Amino acid sequence: MLGEAVVKDSRIPKPYSEEHMDETFSHPQYRVDLRRYSEKEYNKFVRLNTVSDWSHLSWKDVGKPFEVTNYSKERTEWERENDQMMDPHTSWTYFNKSFHEWFIKDVPQEKNQSKKQFMRSLASLNPGQVKQAIGHLVQLQLWNYVHRIQDGIWDPRGKRALFEGLHVDRPRILFLGAAEGYEAMQLGAMYPGAEIVMVDYDEFCKTTRFGEFPERYPFLGENPKTGQWKVIYKDDLNIEYVVEDIRKLDFGREFDIVLSVGLLEHFPDEYKPEVADWHRRFLKEGGFAILTTPRNQLRSRLYYHVMADVMNHTYRELMTVEQMGLYMYEAGFDILRHGYIKVHNGLICQPR
């Protein structure tokens, strides 16, 4: 059954199974999508391998990323009060708390309240209140579309399309800048027996963003006994969460997959080779580095403009997949697979 079905709260801890395959459900905070893609549908979710030879690509060909320069009110007010630029650790702390507040919103309820507030603001004849009410309502509508309707942030079908086909058995996965850990959990579901180590230097990510990730959210993975599709939950996975600065990690070359999601674009060009090296440093020989970044497209620019107070606490760029791949190629990686999905670029690469 395709389409939207509202799932009400239940005491059943794991409400989905293989019986729900190819269905999608809308919750007040997020969407569940257990639909598989067919070959006919494939290109609706991912465009793969648009560059045939990365050695022939240059920055003159692809241009530089788009820098997002409109920062949140929290950041600008902090910098005014402290008379200095906000440091990266503080900016990430602000961002994680702000982002999580939106992830846990009951969006339909919030939309109803926001509409009522808008009507009250009109009655007040106060232009400031009207402007604020309109802004919040627009943000809610956009968040609802991007996250609950389009499912562009988690994008399970697109992520599975990018992650499939890796030649790994019971992989050890390192997730750098893990936040709530969504993508590592999707990888762990796809590759049975995976051991996942998540790393973030904000304690809030471990205790709250990951700690409060919905236990009832289903990942579509693989049954190791049959090789068929299987619904897998967070507590089915083997996960360790480490709170530490990536630069201080004492792991060796012990991981089959090193993953980052929305990491590379937060560093200006002079730091990108170091970021690329973080992916190389912990990989076993023959291991895979997987990276995603937000796409440079009109709707992404609009999103970061409207949602600035939620998203824009840190340095941020929007890239094309060609720009992203060229950064990693010049840093000594061979690009094995590249593509773009709804709102993200994706790479799978290996050190040369």
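Keep in mind it's a predicted model, so treat the numbers as computed, not measured.
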Check the orientation of Phe95 and Phe99. Use parallel for under 30°, tilted for 30 to 60°, and perpendicular for over 60°.
parallel
Exam field: side chain Arg148 to backbone His27, donor-acceptor pair closer than 3.5 Å:
yes
Step through it carefully: locate the ring centre of Trp54, locate the ring centre of His338, and say whether they are under 6.0 Å apart.
yes
Side-chain H-bond candidate by donor/acceptor type, Trp78 with Gln84, under 3.5 Å
no
Is any side-chain N of the basic residue among Arg75 and Glu79 closer than 4.0 Å to the acidic one's carboxylate O?
yes
Indicate, with yes or no, if the rings of Tyr315 and Phe267 have centres closer together than 6.0 Å.
no
For Gly63, does its backbone N or O pair with a side-chain atom of Gln323 as donor and acceptor, under 3.5 Å?
yes
Should we count CG of Asp334 as having more than 12 external heavy atoms under 6.0 Å?
yes
Partners passing salt bridge (Lys or Arg N to Asp or Glu O under 4.0 Å) against Arg80 (at least two apart in sequence or in another chain):
none
Any salt bridge linking Lys206 with Asp200? Criterion: basic side-chain nitrogen under 4.0 Å from a carboxylate oxygen.
no
Does the separation of the ring centres of Phe333 and Tyr329 fall below 6.0 angstrom?
no
Would you please say whether a donor-acceptor pair under 3.5 Å links the side chains of Glu101 and Ser98?
no
Which donor-acceptor pairs under 3.5 Å do side chains of residues 256-265 form with protein atoms, sequence neighbours excluded?
from, atom 1, to, atom 2, distance (Å)
Asp256, OD1, Lys284, NZ, 3.4
Asp256, OD2, Arg172, N, 2.8
Asp256, OD2, Lys284, NZ, 3.4
Ser260, OG, His279, NE2, 2.8
Glu265, OE1, Leu263, N, 3.3

Residues which pass ring-ring contact (aromatic ring centres under 6.0 Å, His included) with Tyr241, listed by chain and number, not counting sequence neighbours
Phe210
Among side-chain atoms of Asn96 and Arg209, is any donor-acceptor pair under 3.5 angstrom?
yes
Walk me through whether Arg316 and Glu67 qualify under salt bridge (charged side-chain N to carboxylate O under 4.0 Å, His left out).
CA-CA 6 Å; Arg316 182 186 297 275; Glu67 183 181 345; over 6 Å; no
Please answer whether the main-chain N or O of Ala289 pairs with a side-chain N or O of Arg280 as donor and acceptor at a distance below 3.5 Å.
no
Hydrophobic cluster identity match, Val343 and Leu347, side-chain contacts under 4.5 Å
no
Test item: side-chain donor near acceptor, His313 and Glu74, under 3.5 Å
yes
Quick one about Asp309 and Ser72 (side-chain donor to acceptor, distance below 3.5 Å, no hydrogens or angles considered), yes or no?
no
If we count only N and O atoms by modelled type, under 3.5 Å, do the side chains of Tyr327 and Asp269 hold a donor and an acceptor together?
yes
Over 12 non-hydrogen atoms of neighbours within 6.0 angstrom of CG in Asp83:
no
Are the ring centres of Tyr16 and Tyr217 closer than 6.0 Å?
no
Fit a plane to each ring of Phe204 and His100, take the angle between them on a 0 to 90° scale, and name the class: parallel (under 30°), tilted (30 to 60°) or perpendicular (over 60°).
perpendicular
Ring centroid separation for Phe219 and Trp154, is it under 6.0 angstrom?
no
If you measure from the Lys or Arg side-chain nitrogens to the Asp or Glu carboxylate oxygens, is any gap between Asp33 and Arg31 under 4.0 Å?
no
